[in-house]
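In what follows, every chain begins at residue 1, and chains take the letters A, B, ... in the order their sequences are listed.
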Amino acid sequence: MKKVLFATSALVMTAGVAAAEVAVSGDGRMGMIYDGNDVQFSSRARVKFTLTGESDAGLSFGGAFRVDQESDYTAGNGATERSAARGTAGSVWISGTYGKLSMGDVVSASEAAIGDLYEIGYTDGEFSGDIEELWFLTGDGENEDQGPSILYEYTINNISLFASASDGSDNRQCGVGAVVGYDATCNVAGDDVESDTAYSVAAKYEGSNFWASLSYSKWGDASEIGLGAEGSFNNFAVKGVYLSYEDRFFGLDEMKYTAGLGASYQMDAILVEGFWRQDKYDLFGGDSEKFDAFGIGAEYDLGGGAVLAGGIIDSDYLEDTVADMGIKFSF
Amino acid sequence: MKKVLFATSALVMTAGVAAAEVAVSGDGRMGMIYDGNDVQFSSRARVKFTLTGESDAGLSFGGAFRVDQESDYTAGNGATERSAARGTAGSVWISGTYGKLSMGDVVSASEAAIGDLYEIGYTDGEFSGDIEELWFLTGDGENEDQGPSILYEYTINNISLFASASDGSDNRQCGVGAVVGYDATCNVAGDDVESDTAYSVAAKYEGSNFWASLSYSKWGDASEIGLGAEGSFNNFAVKGVYLSYEDRFFGLDEMKYTAGLGASYQMDAILVEGFWRQDKYDLFGGDSEKFDAFGIGAEYDLGGGAVLAGGIIDSDYLEDTVADMGIKFSF
Amino acid sequence: MKKVLFATSALVMTAGVAAAEVAVSGDGRMGMIYDGNDVQFSSRARVKFTLTGESDAGLSFGGAFRVDQESDYTAGNGATERSAARGTAGSVWISGTYGKLSMGDVVSASEAAIGDLYEIGYTDGEFSGDIEELWFLTGDGENEDQGPSILYEYTINNISLFASASDGSDNRQCGVGAVVGYDATCNVAGDDVESDTAYSVAAKYEGSNFWASLSYSKWGDASEIGLGAEGSFNNFAVKGVYLSYEDRFFGLDEMKYTAGLGASYQMDAILVEGFWRQDKYDLFGGDSEKFDAFGIGAEYDLGGGAVLAGGIIDSDYLEDTVADMGIKFSF
């Protein structure tokens with residue numbers, strides 16, 4: 001027997017009480033990806049739970065995660081299991097007049113303030129390995145061995161302040177039982193392995209048709225200064241980001257900066273978006289190298305939660321031009 | 001605080017709008033299995049999500065998967081991880097006047113047109129290793145390394161047409177990132193490993209109290225011709241299937257055909273079902289061998305979603321007679 | 001599009017029919033754990049499904065499991081995968097005038113009658129490795145290799161009777177396909193590996209402000225006799241347990257007994273709880289050793305499903321004093 005969930009919150013409101021709730025929503029997509037060699041089918045369906053409540057004193061609290069975030073998916077290297085029930089996927093939060101405090105797999109302050117470049121294609125950039133996502137120094141998949149991170153957000157008038165941090169303990173090594181981490185393979189002495197606390201602070205100013213953000217992040221010896229701004233003019237929007245790194249190494253190569261530009265044009269049901277990204281590295285041995293990526297995509301809103309979308313991305317990382325075309329759904 | 005979902009869709013209808021929805025349903029069972037040596041307890045509980053929506057132009061779309069299909073279950077051989085969020089479990093679809101197109105872990109055209117033999121027992125045949133399920137050449141667990149497959153269905157008057165295909169790329173080897181497959185262990189060059197595209201076409205004619213289907217499937221050198229028909233007369237139903245194979249090898253042995261018969265009798269709350277199945281192989285060395293399986297089961301509908309059921313199956317594959325008895329639930 | 005579930009069951013009742021339902025509820029928590037060396041962030045969010053139905057004759061049936069119980073979580077030793085869809089997490093049940101019969105990952109009769117010591121802290125004792133949980137001989141994670149267990153409960157007037165058992169077959173070795181167990185790595189002959197059936201019986205008497213229980217459990221050569229009682233007087237509650245073991249070995253050391261005491265005091269929104277636990281072992285070589293654990297915690301109910309909580313536990317097993325402080329939520 002099938003249960004149908006209500007798509008309207010009106011009846012819930014009439015109850016007139018602040019009740020704890022579990023909302024169930026979903027998304028899906030289907031289409032084809034050209035990966036530079038072949039055209040492949042690619043589809044998915046997901047369900048998300050959003051938990052909300054309010055204390056007697058008016059403190060809001062909640063949490064959110066997807067079913068697949070509870071699935072302990074193990075990538076090829078065996079290192080990326082994540083679980084909302086263990087604090088390493090999804091997040092929980094409390095929110096009141098003093099701001100909002102989130103814990104779990106939260107974004108860093110710099111990502112919260114600046115964000116990524118525009119997602120294109122029906123797979124929202126996944127057909128290119130999500131090259132539109134900036135590689136922020138903290139959070140964003142970087143400090144997962146330390147378990148849950150925190151993010152604090154406070155907005156007063158046009159200014160929003162952000163601060164985020166990890167806890168500086170490597171849960172993959174130890175902790176008191178599995179609760180502190182999801183992989184409690186303790187070392188002999190039962191002590192934690194110390195990690196460098198990763199933290200980030202950021203500020204954002206929002207005007208009527210633009211915003212600008214500034215961020216600073218630090219993790220061990222590495223640091224990041226971030227700048228981002230976006231403006232919209234009639235149907236156009238333009239976004240620029242610049243992330244400058246100090247002592248950020250990938251192996252022996254040092255990443256110096258990421259620069260990115262995005263532009264979008266919306267006309268009725270049609271949305272056209274594009275981006276450019278450049279990463280510069282100082283290679284071991286003295287040379288430097290730049291990696292560029294370009295992308296352009298278009299979407300057509302079919303209404304009711306269905307969007308026809310396609311995109312083309314050329315990336316120096318992939319050394320290929322890839323494309324996708326399909327439909328994405330929201331439920 | 002517990003949330004109770006509505007078991008009726010009436011109120012949703014009154015909203016009068018085509019809203020995207022997530023329906024939550026479930027099933028369960030409990031009982032005992034005699035596995036030929038011991039009697040063992042066997043139970044389970046599952047939850048399924050059904051996502052539905054409609055575009056402004058009347059295009060229907062949706063998706064469906066179970067929680068346990070998102071759990072990356074790894075069988076003993078480590079090869080059967082599947083995930084709805086990665087397109088290898090559950091499915092998504094669009095449907096309109098031109099027919100229905102599904103993508104994901106869909107059945108093949110031949111399976112869609114012909115189907116399996118009757119499921120018996122409270123575990124729906126699982127106590128025998130699901131010997132009532134025919135081993136169709138394509139789909140049905142055969143082409144999972146190629147990621148999502150597609151299935152197209154179109155019905156005009158009494159005739160339904162089916163076509164299905166895989167995409168011919170082995171996602172277990174590579175692809176552009178994890179999106180194309182769920183196991184993106186790329187080889188050095190980053191190229192996909194080519195696989196043989198598996199495809200199937202089928203047609204079905206439905207009369208007032210019978211249907212008959214014909215199918216053709218091809219995967220590499222192997223091919224399958226399928227015939228199926230089912231008729232119902234008063235309380236009786238009879239189903240027959242014949243799948244003829246060319247060049248289908250399991251190791252060095254060649255599978256030649258599967259023949260199957262099913263019969264059922266329904267009287268009020270009581271349902272009695274049985275099946276017979278025979279597979280013939282040409283063994284390496286020149287001999288041939290036939291494997292037979294027989295099963296009979298009975299069900300009693302307790303109402304409200306509970307069904308008392310039991311079955312006995314004798315299978316040459318198991319070299320044993322197995323049985324189950326228990327209750328199955330739907331929620 | 002977000003679906004909001006109803007937080008009231010009133011409207012469902014008006015339907016006037018016994019409909020099968022899927023209820024969705026959730027919990028979450030966030031805070032900090034001091035693990036004896038470091039302070040770490042710890043958070044989680046979970047969702048639970050509760051399936052309920054009723055047959056035409058008034059037989060109740062249902063099931064329950066959490067999303068994360070379907071995630072096949074693999075601990076460091078690779079041995080603890082569990083899945084509601086395979087009967088090794090969550091449970092299903094039928095219930096009528098003759099009592100309630102549950103199957104799956106159920107507690108043993110002794111645990112059902114006696115229960116654990118009081119859970120303290122916002123992580124409900126997990127920050128200490130759940131030392132407040134008694135180590136009952138059967139069920140409770142001990143017989144998981146045998147797949148689902150059963151628990152029978154029957155209450156007449158003030159007396160409740162409990163009986164539980166495993167099925168005596170090691171599903172990790174074999175069975176008929178994966179249905180009997182979740183890890184169907186069969187041995188060569190396809191036979192099951194015999195395990196010792198673990199069983200337990202218990203009785204509980206409930207008075208107006210106290211209860212007392214007696215239990216007997218047996219698993220192979222080992223046996224357990226359990227005693228438990230709890231009384232409440234105004235705002236106070238006190239609980240005592242004693243579990244005496246025969247031939248229960250952990251390696252070469254024999255566990256002789258566990259004694260435990262718990263006390264709680266509730267005043268308006270404030271709850272203070274504490275416990276003491278002592279385990280005695282006869283070590284290989286002739287010596288004996290006692291392990292003690294103490295804990296005290298306090299909670300403040302913020303209303304609406306949010307509770308502020310903290311606890312301190314000193315455990316000889318951890319050789320450390322650990323603490324937690326945070327907020328726990330129910331949705």
Say you draw a straight line from CG of C:D68 to CD of A:Q69; how long is it, rounded to the nearest 0.5 Å? 13.5 Å
If you look at every heavy atom in C:S330 and A:A20, which pair is closest and at what distance? O-CB, 3.6 Å
Would you indicate whether C:M32, at its atom CE, is surrounded by more than 12 heavy atoms from other residues, nucleotides or ligands within a distance under 6.0 Å? no
In terms of heavy-atom pairs under 4.5 Å, which option from A:S102, A:A84, A:G63 contacts chain C the most? A:A84
State, to 0.1 Å, how close C:A45 and A:S91 come at their nearest heavy-atom pair, and which atoms those are. CB-O, 4.4 Å
Could you list the donor-acceptor pairs under 3.5 angstrom formed between side-chain atoms of residues 297-311 of chain C and any protein atom two or more places apart in sequence or on another chain?
unit_1, atom_1, unit_2, atom_2, d
C:E299, OE2, C:K328, NZ, 2.8
C:D301, OD1, C:G303, N, 2.8

Taken in chain and number order and not counting sequence neighbours, the residues that satisfy side chain to side chain donor-acceptor pair (under 3.5 Å) with C:T258 are C:D279
Correct closest heavy-atom pair for C:S43 and A:V92 would be CB-CG2, 3.8 Å
Between A:F61 and C:F331, how do the two ring planes meet: parallel, tilted or perpendicular, split at 30° and 60°? tilted
Which heavy atom of A:P148 sits nearest to which heavy atom of C:S42, and what is that distance? CG-CA, 4.1 Å
I want to check something: taking the side chain as every heavy atom from C-beta on, are A:L51 and C:V47 in contact at a cut-off of under 4.5 Å? yes
Above 12 or not: heavy atoms from other molecules or residues under 6.0 Å from CG of C:L134? yes
Could you measure the distance from the CZ atom of C:R44 to the CD atom of A:E70? Nearest 0.5 Å is fine. 10.0 Å
Any heavy-atom pair between the side chains of A:I94 and C:M30 that's under 4.5 Å? yes
CD on C:Q40 to OG on A:S166, rounded to 0.5 Å: 10.5 Å
What's the separation between atom CZ in C:F41 and atom CG in A:D167, rounded to the nearest 0.5 Å? 5.5 Å
Ranking A:D56, A:L59, A:D27 by heavy-atom pairs under 4.5 Å to chain C gives rank one to A:D56
